[in-house]
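See below for the structure under consideration.
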Amino acid sequence: MTQFIISKLGPRYVEPPVLDLKAAFEESVSETPLIFVLSPGVDPAQSLITLSETMKMSQRMYSLSLGQGQAPVATKLIMKGIIDGHWVFLANCHLSLSWMPTLDKMIATMKSLKMHRKFRLWLSSSPHPEFPISILQTSIKMTTEPPRGIKANMKRLYNNVNEVNMDLCNDPIKYKKLLFALCFFHTILLERKKFLQLGWNVTYSFNDSDFEVSEILLLLYLNEYEETPWGALKYLIAGVNYGGHVTDDWDRRLLMTYIGQFYCEQTLLTRKFRLSPLMNYFIPDDGDIQSYLDQIQMFPNFDKPEAFGQHSNADIASLIGETQMLFDTLLSMQAQSTFSSTTDNAETKVSDLAKEILISTPDEINYDQTAKLIGIVRTPLEVVLLQEIHRYNNLLNKMRSHLLDLRRGIQGLVVMSTDLEDIYLSVLEGRVPLQWLKAYPSLKPLAAWTRDLIQRVLHFSTWAKTLRPPTLFWLAAYTFPTGFVTAVLQTSARLTKTPIDELSWEFYVFVEEDAAAARILREGGGVYIRNLYLEGAGWLRKNQCLQDPLPMELICPLPVIHFKPVENLKKRSRGIYLCPAYYYPIRSGAFVLAIDLKSGNEKVDYWIKRGTAVLLSLAT
């Protein structure tokens, strides 16, 4: 793609230009706001402070981070700035969207006011659909992205490192080593997002301010304590400073794993301490800034996944994700052209597909009959069964109604509403309509999703007719799997007369194939779960432990797992990887429970950096 753009449009479209704030400032006048459109990993505040010093405006520059209750302060700053000729910098406008229309009016009236010629209004905001377009239209817009790759990011950080701190530190050698490790830590956090779900569950906007604060903390604590305060440094840098962005517990675990690897006694004691499994990345010997930049120059131009502690398969997953995003964007741009000369063919195709889906859609499960068979006294699992039947019946009913209306709409018998047009486009492009995805999330294309739905309904209809729970439960079939897991704990709590909050899980992964596992029932209650998948690792069936996946093995099926409720006893944690299980490949907000898996020949940290997780359902 890069080569295509270079050959068709020219190389300047693939080389991000350096942001020249001075040039933007010289183009501006006092009536025109200047807005930074923020991108992850970039904070323009420091660049703006540097420019204000260059322009001798540092004493007359006022910064304010917008948020709740800051609107009156911002208004006063702007009014005072207009009269006295100050610079006003309002950061994070996206956090105060309700005040943006007011700001829009103020900017509109600025043109009619007599303003001090030195006044400038600087704004920064992340892209947001509700941000007023009129502010963007009247402003000078600037944006910059961090360079891609470990080498480029490290070089950028070292060019901005405060050399004075090296002389201020009581132990410069220790400071320089830990500063290099901090730069690598910051870079890894930024670059890891390219692995998508194997990188972070949520994409975080770690930026230069986080690094600058951590740099100051490092200097202060090394000067304050003779012995390196590892605990305090790790907690303040990773737990508080960078951790302040992190909203997901499993991402926090990863953050603490990285800082634990880089900030330990071995970092100082080992010459050329390795920062990754690869030979290229290590802390160089003591020297000046230039010597460190020379070492960074030796880094590879293209990063291997191993630099992050990832498997080479992670790159494949990331490239598939990027390609999917590209195709989705191209499809969204094509949407309007479907209603062209090919409309008749498209309508016939959609009508035929709608008919096929209608024929294959399973019948609704008889809820009333099942409820009557169960009776008034219901076990927790029977309550879950009835809830699932109710949800699936609603989905099947909605699907049938939508598909019939769609066929009538194509024939001109009913008006095509906005919803029907969306369904029409989705069926034409082979996507699942959003209206149907409200029952349970899925990334499957329409054909695979329809086949999957038939299997899900069958799972519950068999159980509803016989009232005998399945021998092997299919956890992905549940629209609310957490409810099912809780019901199993409730069942065990009632049998053993143990409070539910004193129960936890014990997991046994079968060696046998699924068919054989169904015939082998272990003692002690619980449930047997089939069709689980490992992402970011392989499974060694013979030793019942994690192993490296084979090349191109992005997903590894797991054998049947026995979920057995046990009393909260002190669990064996050594050699056990607490593996998060997610409903589907997009992990944010899809966590179900954590499963104990043996970590095999590798330490637990190894699998944490791999982003190893269990998935209940896949994208295909």
Side-chain angles (χ1 to χ4, degrees), residues 41 43 46 150 153-154 157-158 160-192 200 204-277 281-289 291-292 295-296 308-309 573-574 578 603-606 608-609:
D43 182 10
Q46 192 55 48
I150 292 174
N153 268 290
M154 288 284 285
L157 287 173
Y158 256 85
N160 296 333
V161 156
N162 193 343
E163 273 189 79
V164 180
N165 289 356
M166 293 184 179
D167 302 323
L168 291 175
C169 190
N170 297 341
D171 190 341
I173 296 173
K174 187 194 284 188
Y175 175 75
K176 287 178 194 175
K177 278 193 170 190
L178 293 181
L179 180 64
F180 195 88
L182 179 65
C183 284
F184 196 79
F185 172 70
H186 179 83
T187 301
I188 288 286
L189 300 190
L190 282 184
E191 285 297 299
R192 196 179 160 90
W200 297 101
Y204 301 107
S205 55
F206 300 119
N207 56 48
D208 293 350
S209 299
D210 300 319
F211 175 75
E212 285 154 17
V213 170
S214 300
E215 193 183 354
I216 295 162
L217 283 170
L218 180 62
L219 177 69
L220 289 173
Y221 273 74
L222 289 184
N223 279 348
E224 190 70 31
Y225 299 96
E226 201 168 309
E227 275 194 32
T228 314
W230 295 117
L233 282 173
K234 286 192 282 192
Y235 175 70
L236 287 168
I237 291 172
V240 176
N241 194 20
Y242 285 92
H245 295 278
V246 177
T247 53
D248 184 280
D249 288 341
W250 302 101
D251 286 341
R252 187 175 292 278
R253 179 177 73 164
L254 172 67
L255 196 67
M256 298 313 290
T257 300
Y258 271 130
I259 198 73
Q261 179 198 336
F262 300 144
Y263 271 34
C264 61
E265 208 61 53
Q266 290 305 311
T267 313
L268 302 175
L269 299 177
T270 312
R271 185 169 177 260
K272 295 190 174 178
F273 176 78
R274 276 167 62 180
L275 295 163
S276 93
Y281 305 99
F282 57 83
I283 298 175
D285 293 331
D286 184 45
D288 59 6
I289 289 275
S291 70
Y292 288 103
Q295 176 58 43
I296 292 164
F308 304 84
S573 59
R574 192 175 174 80
L578 192 62
K603 289 183 179 173
V604 170
D605 289 1
Y606 182 84
I608 292 173
K609 286 187 279 188

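Residues Tyr263 and Leu182 meet the side-chain proximity criterion, which asks for heavy atoms closer than 4.5 Å. Contact of the Ile289 side chain with the Val161 side chain is registered, since non-hydrogen atoms from C-beta on lie closer than 4.5 Å. A 4.5 Å side-chain heavy-atom check between Arg253 and Leu578 finds at least one atom pair inside the cut-off.
Under 3.5 Å, the side chains of His186 and Asn153 contain no donor-acceptor pair of N or O atoms. A donor-acceptor pair shorter than 3.5 Å cannot be found between the side chains of Asp605 and Gln261.
By the neighbour-count criterion of 12 heavy atoms within 6.0 Å, atom CZ of Phe273 is densely surrounded, having more than that number from other residues, nucleotides or ligands.
A distance-only check finds no donor-acceptor pair linking the side chain of Ser276 to the backbone of Tyr281 [under 3.5 Å]. Not a single donor-acceptor pair under 3.5 Å links the side chain of Lys272 to the backbone N or O of Asp285. Not one N or O on the side chain of Arg252 forms a donor-acceptor pair closer than 3.5 Å with the backbone of Ala238. The backbone N or O of Leu189 sits less than 3.5 Å from a side-chain atom of Trp200, completing a donor-acceptor pair. A distance-only check finds no donor-acceptor pair linking the side chain of Asn241 to the backbone of Leu236 [under 3.5 Å].
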request  = Apply the test side chain to side chain donor-acceptor pair (under 3.5 Å) to residues Thr270 and Gln266: give CA-CA distance (whole Å), side-chain angles for both, the deciding distance (0.1 Å), then the verdict.
outcome  = CA-CA 5 Å; Thr270 312; Gln266 290 305 311; 3.1 Å; yes
request  = Report the C-alpha separation of Thr267 and Ile283 in whole Å, then their side-chain angles, then the decisive distance to 0.1 Å, and conclude whether the side chain to side chain contact (heavy atoms under 4.5 Å, CB included) test is met.
outcome  = CA-CA 8 Å; Thr267 313; Ile283 298 175; 3.4 Å; yes
inquiry  = Let's go through Phe180 and Leu275 carefully: what are the C-alpha distance in whole Å and the side-chain angles of both, what is the deciding distance for side chain to side chain contact (heavy atoms under 4.5 Å, CB included) to 0.1 Å, and is it a yes or a no?
reply    = CA-CA 10 Å; Phe180 195 88; Leu275 295 163; 3.9 Å; yes
key: Trace of the side chain to side chain contact (heavy atoms under 4.5 Å, CB included) decision for Phe308 with Ile150   = CA-CA 10 Å; Phe308 304 84; Ile150 292 174; 3.9 Å; yes
inquiry  = Test side chain to side chain contact (heavy atoms under 4.5 Å, CB included) on Met166 and Asp288; report intermediate values, then the result.
reply    = CA-CA 9 Å; Met166 293 184 179; Asp288 59 6; over 6 Å; no
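Residues Asn170 and Asn223 approach most closely at N-OD1, 2.8 Å, considering heavy atoms.
Within the model, atoms CG of Asp286 and OH of Tyr175 stand 13.0 Å from one another, a figure rounded to the nearest 0.5 Å. In this structure, the separation between SG on Cys169 and CG on Leu218 is 7.0 Å, given to the nearest 0.5 Å. Rounded to the nearest 0.5 Å, atoms CG (Leu254) and CH2 (Trp250) are 12.0 Å apart. Rounding to the nearest 0.5 Å places SG of Cys183 at 6.5 Å from CD1 of Ile296. Between atom OG1 of residue Thr257 and atom NZ of residue Lys603 there is a gap of 12.5 Å, rounded to the nearest 0.5 Å. Taking CD1 of Ile608 as the start and CG of Asp251 as the end, the distance is 12.0 Å to the nearest 0.5 Å.
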Contacts under 3.5 angstrom, residues 224-232 side chains, donor-acceptor by atom type, not counting sequence neighbours:
| from | atom 1 | to | atom 2 | distance (Å) |
| --- | --- | --- | --- | --- |
| Thr228 | OG1 | Lys174 | NZ | 2.9 |
| Trp230 | NE1 | Glu265 | OE1 | 2.8 |

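The aromatic rings of Tyr204 and Phe206 lie tilted to each other, with the angle between the two planes from 30° to 60°. Classified by interplanar angle (parallel below 30°, tilted 30° to 60°, perpendicular above 60°), the ring pair Phe185/Tyr242 is perpendicular. Relative orientation of the Tyr158 and Tyr292 rings is parallel, given thresholds of 30° and 60° on the angle between their planes.
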